[in-house]
Number of protein chains: 2
Amino acid sequence: MTDDRETGLELNPKFDANGLVTAVVTDAADGAVLMVGHMNAEALAKSLETGTAVFFSRSRQRLWQKGESSGNLLIIKEMRVDCDQDAILVIAEPKGPTCHTGERSCFYRRLTDGKLERA
Amino acid sequence: MTDDRETGLELNPKFDANGLVTAVVTDAADGAVLMVGHMNAEALAKSLETGTAVFFSRSRQRLWQKGESSGNLLIIKEMRVDCDQDAILVIAEPKGPTCHTGERSCFYRRLTDGKLERA
């Protein structure tokens, strides 16, 4: 069940049929999950190059640097890959609220008894 | 830029073309990101029904309850949805190592200068 991708030290992302890996962003300050996005190879390269989180927008079908319009960049402190390299963890310093709604995190609602409530 | 899915209190997951949402699991004890998986509507329903994390395996194309063979279940303490409801945060109590490699978290390698190293 293990292979080089899982045990090795080479970065070898397993992009899905759409050329994407999942990217989870946490706040370096306290580990809170801020958002989930997707990266293609170019977004990953741009993230590494700029030191800020760059994603591929599935809805807009283009690269977007988080905060490019709002200024609320995500400054990358550390990146990790998961066992099969189809997900990336971005540990970042957020330069403002991460969610476009103005919330600190996109996960601002809790599921309780089939309904959502503010977390 | 906001709509009922983002501001409302109805659970209305935005499944992708493959019928999936992304599910991020964190450890209720300290917030560490343990794994990333995917859920279809049935996996989400089973997770809520059983109180344990159930995913849809893209490689095996079937439901799997995390820990069904290892016993390392993820006991769900809280679930959250993100703004556009295409990602779910599962805050759980892990009954053992979450990664099938035996690591506590699937994110056991850090990306440094283009190479991976143990985190």
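First the proteins, then the strands, lettered A, B, ... as listed; each starts at 1.
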Are side-chain heavy atoms of A:Glu103 and B:Cys83 found at a separation under 4.5 Å? no

Return the CD to CG distance between A:Glu10 and A:Asp4, rounded to the nearest 0.5 Å. 9.0 Å

Answer key: most heavy-atom pairs under 4.5 Å with chain B among A:Val24, A:Val36, A:Leu89 is A:Leu89

Hey, which residues of residues 26-33 of chain A are touching chain B, say heavy atoms under 4.5 Å apart? A:Thr26, A:Gly31, A:Val33

Treating A:Asp82 as the side-chain partner and B:Cys106 as the backbone partner, does any N or O pair qualify as donor plus acceptor under 3.5 Å? no

Only pairs of heavy atoms separated by less than 4.5 Å count here; which of B:Asn18, B:Asp16, B:Asp84, B:Thr22 has the most with chain A? B:Thr22

Residues of residues 64-81 of chain A contacting chain B, heavy-atom criterion under 4.5 Å, by residue number: A:Glu78, A:Met79, A:Arg80, A:Val81

Quick one: CZ on B:Arg5 to CG on B:Leu11, what's the gap to the nearest 0.5 Å? 9.5 Å

Only heavy atoms, only distances under 4.5 angstrom. Which residues in residues 110-119 of chain B are near chain A? B:Arg110, B:Leu111, B:Gly114, B:Lys115, B:Leu116, B:Glu117, B:Ala119

Under 4.5 Å from any heavy atom of chain B - which part of A:Ile88: backbone

Taking the side chain as everything from C-beta on, heavy atoms only, tell me whether A:Thr101 gets closer than 4.5 Å to A:Tyr108. yes

Listed by number, the residues in residues 43-59 of chain B that come under 4.5 Å of chain A (heavy atom to heavy atom) are B:Leu48, B:Arg58

According to a hydrophobic-cluster definition based on side-chain heavy atoms being under 4.5 Å apart (Ile, Leu, Val, Met, Phe, Trp, Tyr only), do B:Phe107 and A:Val90 belong together? no

Are B:Arg109 and A:Gln85 packed together at the side-chain level, in the sense that at least one heavy-atom pair is separated by less than 4.5 angstrom? yes

Between B:His38 and B:Val21, does the side chain to side chain contact (heavy atoms under 4.5 Å, CB included) criterion hold? Intermediate values first, please. CA-CA 6 Å; B:His38 298 83; B:Val21 292; over 6 Å; no

For the pair A:Met35 and A:Cys99, evaluate side chain to side chain contact (heavy atoms under 4.5 Å, CB included) and give the outcome as yes or no after the intermediate values. CA-CA 7 Å; A:Met35 65 168 285; A:Cys99 189; over 6 Å; no

